[in-house]
Peer 1: 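One structure coming up, written as structure tokens, with questions to follow.
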Amino acid sequence: VSPESLAEPVHYFDAAHSDAFSEILKIESCLKRALARDEFYLLYQPILSLTTGQMTGVEALLRWRCSELGQVSPDRFIPLAEQSGLILPIGRWVREEVCRQLQAWCSEQPEWDIPVAVNVSPAELVQPTFSEELLNRLALAQVPEKLLRIEITEHSLVRDNEAVEQNLVRLKARSIDINIDDFGTGYSSLSYLRRVPVSSLKIDRSFIDGLPTSEDGATITRTIIEMAKALGMEQVAEGIEKKEQLTFLHGHHCTYGQGYLFSRPLPPDQIPALRSHPMVL
Ligand code: C2E
Ligand code: CA
Ligand code: CA
Ligand code: CA
């Protein structure tokens, strides 16, 4: 064995990796205490009808302000929460908070008709008690079931899992709409669309990004819109930042949109005022 090969093992543990690793451990240990320390909160991003410019719903997006690490992005901590199982109590907290918020909005404005979509991880959806817990929580808060929606990814549907399917069928039967998030980025076949009661497809931001100039983005977006329409599903384009993207989506009769062009995710107190102010499209 030459000295060179000894000096370069296959899994070389260099300083950069070691830093990344200890950072992950640090985030994980903080994440364990985040619920008890009350460090989570939710922002709500408007979803608009692209025909009327009216806000027709909002998506609840989780935020974590860690007392030790500062603000940590969900793209960093959600995967860790999923791996460690912490996503289960965190997800329950999200839905409890959303129910509390909906209850507040409904009592301020009895004609409240803006549903909240919550993101649900695969690890949550495989829990056989998921749908029952959610329905109980809504009942407890006296929130109409149609005011809650769930967003799931194709990853939840790749294996046809009995518990997942039962949860979805049960929720749909009780008028909780199911949206497929990040549609087009999963690697599953589309056969699940026949098994699972899906209300709308959210077209992933990566396809919207390059509109209208990216030929692939345009083709994929157009195809998803057409397919959703043919299957009787709504279409939500996410990550709309530019007027030209909106013009393209308009031209292809995409039903709903979401993105910085309309609004960033907002604290809950800023949502009610938006109800009466349609965007000029
Ligand atoms: P997502 O569900 O695909 O959420 C959309 C993300 O795009 C959000 O990032 C939102 O802030 C961002 N966004 C919205 N409009 C625009 C735009 O015009 N341009 C750009 N560049 N970005 C836009 P965020 O809030 O950082 O969340 C990231 C991901 O974390 C979410 O992606 C979702 O997968 C996950 N997540 C967030 N909250 C929860 C939660 O309560 N539970 C679970 N399981 N996952 C969550
Ligand atoms: Ca989402
Ligand atoms: Ca998405
Ligand atoms: Ca995403």
Peer 1: Can you find a side-chain donor-acceptor pair between Q45 and S263 that sits under 3.5 Å?
Peer 2: no

Peer 1: Would E97 and R100 count as a salt bridge (charged side-chain N to carboxylate O under 4.0 Å, His left out) here? Give the steps.
Peer 2: CA-CA 5 Å; E97 177 63 17; R100 203 195 51 70; 2.8 Å; yes

Peer 1: If I take atom CG from residue L86 and atom CG from residue L80, how far apart are they, to the nearest 0.5 angstrom?
Peer 2: 9.5 Å

Peer 1: Taking Y260 as the starting point, is it possible to reach L211 by hopping between hydrophobic residues whose side chains are less than 4.5 Å apart?
Peer 2: no

Peer 1: Keeping the roles fixed (side chain from T52, backbone from Q54), state whether a donor-acceptor pair exists under 3.5 Å.
Peer 2: yes

Peer 1: Taking everything shown except E108 itself, do over 12 heavy atoms lie less than 6.0 Å from its CD?
Peer 2: yes

Peer 1: Which hydrophobic side chains are connected to L43, either touching it within the sub-4.5 Å cutoff or through other members that do?
Peer 2: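 Its cluster mates, by chain and number, are Y41.
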
Peer 1: Hey, what do you get for OG1 (T255) to CG (L201), rounding to the nearest 0.5 Å?
Peer 2: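 With rounding to 0.5 Å, OG1 (T255) is 9.5 Å from CG (L201).
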
Peer 1: Within a strict 4.5 Å, meaning less than it, do heavy atoms of the P122 and E82 side chains meet?
Peer 2: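 P122 vs E82: side chains touch.
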
Peer 1: Please test Y192 against V158 for side-chain contact (heavy atoms from CB on, under 4.5 Å), starting from the C-alpha separation and ending with a verdict.
Peer 2: CA-CA 8 Å; Y192 69 80; V158 275; over 6 Å; no

Peer 1: Give the minimum heavy-atom separation between G257 and I240, together with the two atoms involved.
Peer 2: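 Closest heavy-atom pair between G257 and I240: CA-CD1, 3.8 Å.
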
Peer 1: Main chain of V164, side chain of N161: is a donor-acceptor contact present, judged purely on distance under 3.5 Å?
Peer 2: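 Indeed, once roles are kept as given, a pair shorter than 3.5 Å links the two residues.
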
Peer 1: State, with a plain yes or no, whether a side-chain heavy atom of E124 is found less than 4.5 Å away from one of L88.
Peer 2: yes

Peer 1: With a 4.5 Å limit on heavy-atom distance, are the side chains of L266 and V58 in contact?
Peer 2: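 The answer is no, as the side chains (C-beta and beyond) never meet within the 4.5 Å cut-off.
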
Peer 1: If I take atom CG from residue D209 and atom OG from residue S214, how far apart are they, to the nearest 0.5 angstrom?
Peer 2: 9.0 Å

Peer 1: Find the distance between CZ (R205) and OG1 (T185) and round it off to the nearest 0.5 Å.
Peer 2: 11.0 Å

Peer 1: Using atom types as modelled and distance alone, determine if a side-chain donor or acceptor of Q245 lies under 3.5 Å from a backbone N or O of K242.
Peer 2: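 Yes, Q245 side chain to K242 backbone: donor-acceptor pair under 3.5 Å.
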
Peer 1: Restricting to non-hydrogen atoms, name the atom on A81 and the atom on I90 that form the minimum distance, rounded to 0.1 Å.
Peer 2: CB-CD1, 4.0 Å

Peer 1: Go through the steps for V118 and R149 under the test side-chain contact (heavy atoms from CB on, under 4.5 Å), then give the verdict.
Peer 2: CA-CA 6 Å; V118 296; R149 296 182 174 172; over 6 Å; no

Peer 1: Thinking salt bridges, do K26 and E23 make one under a 4.0 Å N-O criterion?
Peer 2: no

Peer 1: Taking the side chain from W93 and the backbone from R95, do they hold a donor-acceptor pair closer than 3.5 Å?
Peer 2: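 Side chain of W93 to backbone of R95: no pair is present.
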
Peer 1: Within a 6.0 Å radius of atom CD on Q71, are there more than 12 heavy atoms belonging to other residues, nucleotides or ligands?
Peer 2: yes

Peer 1: Between the side chain of H250 and the main-chain N/O of L50, is any donor-acceptor distance below 3.5 Å?
Peer 2: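 Looks like yes, one N/O pair under 3.5 Å.
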
Peer 1: Strictly distance-based, threshold 3.5 Å: is any side-chain N or O of T221 a donor or acceptor partner for the main-chain N or O of A218?
Peer 2: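 Side chain of T221 to backbone of A218, a donor-acceptor pair under 3.5 Å: no, none is there.
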
Peer 1: Spell out, yes or no, whether V169 and I178 are grouped together once hydrophobic residues are joined by side-chain heavy atoms under 4.5 Å, including indirect joins.
Peer 2: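 In one cluster: no.
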
Peer 1: Search all heavy atoms of T56 against all heavy atoms of P115 and return the closest pair with its distance.
Peer 2: O-CD, 3.1 Å

Peer 1: Take L246 and F262 through the test side-chain contact (heavy atoms from CB on, under 4.5 Å) and record every step on the way to the result.
Peer 2: CA-CA 10 Å; L246 176 61; F262 309 124; 3.9 Å; yes

Peer 1: First locate atom CG of D113, then atom CG of L147, and finally report the distance between them rounded to the nearest 0.5 Å.
Peer 2: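 The CG atom of L147 is 8.0 Å from CG of D113, to the nearest 0.5 Å.
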
Peer 1: Any non-hydrogen side-chain atom of I225 less than 4.5 Å from a side-chain atom of H253?
Peer 2: no

Peer 1: Taking the side chain as every heavy atom from C-beta outward, state whether M55 and I114 have any atom pair closer than 4.5 Å.
Peer 2: yes

Peer 1: Can a salt bridge be assigned to the pair K202 and E234 using a cut-off of 4.0 Å between side-chain N and carboxylate O?
Peer 2: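 Here K202 does not pair with E234 in a salt bridge, since their nearest N and O are not under 4.0 Å apart.
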
Peer 1: Among E154, M233, E238, which residue satisfies the side chain to side chain contact (heavy atoms under 4.5 Å, CB included) criterion with F183?
Peer 2: E154

Peer 1: May I ask you to check whether S206 and D204 show a side-chain donor-acceptor distance below 3.5 Å?
Peer 2: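 Result is yes, a qualifying pair exists.
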
Peer 1: Would you call the rings of F40 and W64 parallel, tilted or perpendicular, taking 30° and 60° as the class edges?
Peer 2: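 Aromatic pair F40/W64 classed tilted.
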
Peer 1: Looking at R170, R194, K172, R195, which hits salt bridge (charged side-chain N to carboxylate O under 4.0 Å, His left out) with E165?
Peer 2: R195

Peer 1: Apply side-chain contact (heavy atoms from CB on, under 4.5 Å) to V98 and L148, showing your working.
Peer 2: CA-CA 9 Å; V98 164; L148 198 105; 3.6 Å; yes

Peer 1: Hey, are the side chains of L62 and F77 touching, using non-hydrogen atoms and a 4.5 Å cut-off?
Peer 2: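 Of all side-chain heavy-atom pairs linking F77 with L62, at least one is under 4.5 Å.
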
Peer 1: Please tell me whether Q109 and R275 have a donor and an acceptor in their side chains that are separated by less than 3.5 angstrom.
Peer 2: yes

Peer 1: Could you verify whether a donor N or O on one side chain and an acceptor N or O on the other, from S200 and N179, lie under 3.5 Å apart?
Peer 2: yes

Peer 1: Are E39 and R33 close enough, and set up right, to give a salt bridge (charged side-chain N to carboxylate O under 4.0 Å, His left out), and what steps lead you there?
Peer 2: CA-CA 9 Å; E39 293 174 341; R33 303 185 190 101; over 6 Å; no

Peer 1: Who clusters with I47? Use side-chain heavy atoms, under 4.5 angstrom, across I, L, V, M, F, W and Y, and order the result by chain and number.
Peer 2: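 Members other than I47 - counting any ILVMFWY side chain reachable under 4.5 Å - are V236, Y256.
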
Peer 1: Just verifying a value: how many Å separate Q101 CD and L42 CG, rounded to the nearest 0.5 Å?
Peer 2: 8.5 Å

Peer 1: Taking C-beta and beyond as the side chain, do P74 and L61 meet within less than 4.5 Å on heavy atoms?
Peer 2: no

Peer 1: Please report the closest heavy-atom contact between L69 and V72, naming both atoms and the distance.
Peer 2: CB-CG2, 4.1 Å

Peer 1: Sub-3.5 Å donor-acceptor pair from the side chain of S156 to the main-chain atoms of I152, do we have one?
Peer 2: no

Peer 1: If we ignore hydrogens and angles and just use 3.5 Å, is the side chain of E151 paired with the main-chain N or O of D181 as donor and acceptor?
Peer 2: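 Side chain of E151 to backbone of D181, a donor-acceptor pair under 3.5 Å: no, none is there.
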
Peer 1: Return the orientation label for the Y44 and W105 ring planes: parallel under 30°, perpendicular over 60°, tilted otherwise.
Peer 2: perpendicular

Peer 1: Using every non-hydrogen atom in the two residues, find where Q258 and P46 come nearest and quote the distance to one decimal.
Peer 2: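 Nearest heavy atoms, Q258 then P46: CG-O, 3.6 Å.
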
Peer 1: Closest heavy-atom contact between N119 and A60?
Peer 2: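 The pair with the smallest heavy-atom distance is ND2-O, 3.5 Å.
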
Peer 1: State, yes or no, whether a side-chain contact exists between I24 and I27 at a heavy-atom distance under 4.5 Å.
Peer 2: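 With C-beta onward as the side chain, the pair stays apart.
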
Peer 1: If you look only at distance, which donor and acceptor atoms sit under 3.5 Å apart when one is on a side chain in residues 131-146 and the other is two or more places apart or in another chain?
Peer 2:
from : atom 1 : to   : atom 2 : distance (Å)
S131 : OG     : N167 : OD1    : 2.8
E133 : OE1    : R92  : NE     : 2.8
E133 : OE2    : T129 : OG1    : 3.0
N136 : ND2    : E132 : O      : 3.4
E145 : OE1    : R174 : NE     : 3.3
E145 : OE2    : R174 : NE     : 3.3
E145 : OE2    : R174 : NH2    : 2.8

